[in-house]
Amino acid sequence: MTTIPPLDLTEQYRTIEADVSTAVLEVLASGRYINGPIVEAFAQDFGRYIGSDECVACNSGTDALYLALRALNIGPGDEVITSPFTFIATAEMISAVGATPIFIDIDLDGLNFNIDQLAAAITPRTKAIMPVHLFGRPVDMERLMAVADHHGVPVIEDCAQSTGATWGDRKTGSIGQIGCFSFFPTKNLGGCGDGGAMTTNDPEIAATARMLREHGSRTRYYHEAIGVNSRLDAVQAAILQIKLRYLDGWNAGRHAVAERYQALLGAVPGIVLPSSPAGGGSVWNQYTIRIESPAEKGGEWRDRVRQFLMDQGIISMIYYPVPLHLQTVYASLGQGPGSFPNTELAAHQVLSLPMYPELSVEAQERVAHGLKDALATL
Ligand SMILES: *Cc1c(COP(=O)(O)O)cnc(C)c1O
């Protein structure tokens, strides 16, 4: 029995190995390892791909969020509204600049934050709204921007999981004031290490972010702000530049995998499949179902289903087991269990099935079969 991993980066690498090796060796021979032409060339390619005038490459998606918040001059006393159902980095960077994350509950259909609750959460202290296009599924950016613009609050899109996703005819990361991307290896456009980028149409925001990522300096050894060291490595830029050319094809591959799951699992009772938003295109960073928990199955039902799959060599993942408001680090916010019912329910029910462009039909059939078996026999 071969194992079906949640994702397999080696299959994809083999298809581009020759190009990547050549490009990496060229960087190594060039002696330019930090900044330099390849980093700028990639940043330009990526900005063009997203549809933004400016792109600031940096060391990670986390740093992109940090630079975005700092570039908007957000700090102590300020509030930023975001989702409690996301990777920690989203809220963590709001806290890192000294501001306070304000969570609003998610809607169970999209697992993104509920835009209906947005206006009520805006206060005079609100300095940004930070939607997360979770699992590659875009937030309804038309409705979001209407609320944000009405209140004059800038929007920072967390696009770490949504590189290539669209709302209407625009890509996520080009619709709000700033888009933040991660090139962590498991993301839709992943490098061979850490990497990230910030996109914007505002040249001043971009210039400030560039200054902050270079120790707060515009001219070397002259410092005007407390910044950080957050550059994209030339080796990563070279790899990402090649991979960017394949991204749309890989995202199409993910889409086909999602459609096959939809067909294989559509009629299975007891699970809720991820929905596709009417106005946008998901890039399926994850294919995340919800295992409904009938009372008679007990509280650990989803975890038992997951273990059953694991015993068959099918590895699924739980993104995310603990919502951010219930994390130890955010106990001080005073939002205990029951604060965000949909988020807490999702954390108990979600299961991300194996998802990557090269996933075979046979493997998907095994996943579907295993899942049906678990629900019928456990
Ligand atoms: C991965 C991720 C980040 C952080 O990106 P890194 O490159 O790992 O720092 C931020 N937000 C979300 C939603 C993510 O999934």
Side-chain angles (χ1 to χ4, degrees), residues 6-7 9 42-43 46 55-70 80-97 101 103-104 106 110-113 128-139 141 144 155-165 172-173 176 178-199 209 213 228-233 235-237 239-240 243 254 274 282-288 317-325 327 329-330 343 346-347 350 352 355-356:
L7 89 165
L9 296 171
F42 166 69
F46 190 73
C55 174
V56 182
C58 63
N59 193 252
S60 68
T62 303
D63 281 2
L65 293 167
Y66 178 84
L67 293 171
L69 289 156
R70 287 283 311 276
V80 178
I81 301 171
T82 193
S83 169
F85 195 56
T86 172
F87 181 58
I88 183 71
T90 314
E92 184 184 27
M93 289 305 105
I94 297 170
S95 302
V97 301
F103 297 126
I104 55 176
I106 60 169
L111 304 179
N112 292 326
F113 69 8
I129 298 166
M130 201 184 265
V132 182
H133 305 294
L134 196 72
F135 305 146
R137 186 190 197 279
V139 169
M141 287 305 289
L144 175 79
V155 171
I156 301 171
E157 299 177 66
D158 184 338
C159 304
Q161 301 180 9
S162 72
T163 307
T172 59
I178 302 180
C180 295
F181 294 84
S182 166
F183 305 129
F184 186 78
T186 64
K187 309 296 165 113
N188 292 55
L189 177 64
C192 300
D194 278 309
M198 211 197 78
T199 53
R213 83 173 164 182
V228 290
N229 173 2
S230 183
R231 296 173 293 232
L232 182 67
D233 287 343
V235 165
Q236 297 305 334
I239 295 168
L240 289 164
K243 292 185 80 171
R254 287 174 182 273
S282 174
V283 287
W284 302 102
N285 183 249
Q286 299 294 336
Y287 187 87
T288 303
M317 303 296 282
I318 297 171
Y319 304 117
Y320 296 93
V322 183
L324 297 190
H325 66 288
Q327 295 282 352
V329 66
Y330 282 126
T343 299
V350 285
S352 295
M355 164 54 86
Y356 51 97

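Predicted model, so just to flag it, every value in this text is computed and none were measured. Residues: numbered from 1 along the sequence shown. Note that ligands are numbered from 1 as they come in the structure, with each ligand's atoms numbered from 1 the same way.
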Under 4.0 Å to a heavy atom of Q161 - the qualifying atoms of ligand 1, by number: 13 (C), 14 (C), 15 (O)

Contact partition for D158 relative to ligand 1, non-hydrogen atoms under 4.0 Å: side chain

Ligand-side contact atoms (ligand 1) for residue partner G61, heavy atom cut-off under 4.0 Å: 5 (O), 6 (P), 7 (O), 9 (O)

Protein heavy-atom partner closest to atom 4 (C) of ligand 1 - residue, atom, separation in Å: T62 OG1, 3.5 Å

Side-chain donor-acceptor contact under 3.5 Å, N285 with N188: yes

Residue pair F46 / L189, side-chain heavy-atom distance below 4.5 Å: yes

Atom 2 (C) of ligand 1 [closest protein heavy-atom partner, distance rounded to 0.1 Å]: K187 NZ, 2.6 Å

Between S162 and T172, a side-chain donor and acceptor under 3.5 Å: yes

V132 contact mode with ligand 1 (heavy-atom cut-off under 4.0 Å): side chain

Residue and atom name of the nearest protein heavy atom (relative to atom 7 (O) of ligand 1), distance in Å to one decimal: S182 OG, 2.6 Å

Any donor-acceptor N/O pair, Y319 side chain to Q286 backbone, under 3.5 Å: no

Sub-4.0 Å atoms of ligand 1 with respect to non-hydrogen atoms of A89: 4 (C), 10 (C)

Close N or O approach (F184, ligand 1; < 3.5 Å): no

Check: M198 and R213 side chains under 4.5 Å, non-hydrogen atoms: no

Side chains of L111 and R137 in contact at under 4.5 Å (non-hydrogen atoms): no

Proximity to ligand 1 by part of S60, non-hydrogen separation under 4.0 Å: both

Per-atom contacts of ligand 1 with T86, taking only distances under 4.0 Å to non-hydrogen atoms: 13 (C)

Proximity of F184 and F87 rings by center, below 6.0 Å: no

Expected output: side-chain Q236 to main-chain D194 donor-acceptor under 3.5 Å: no

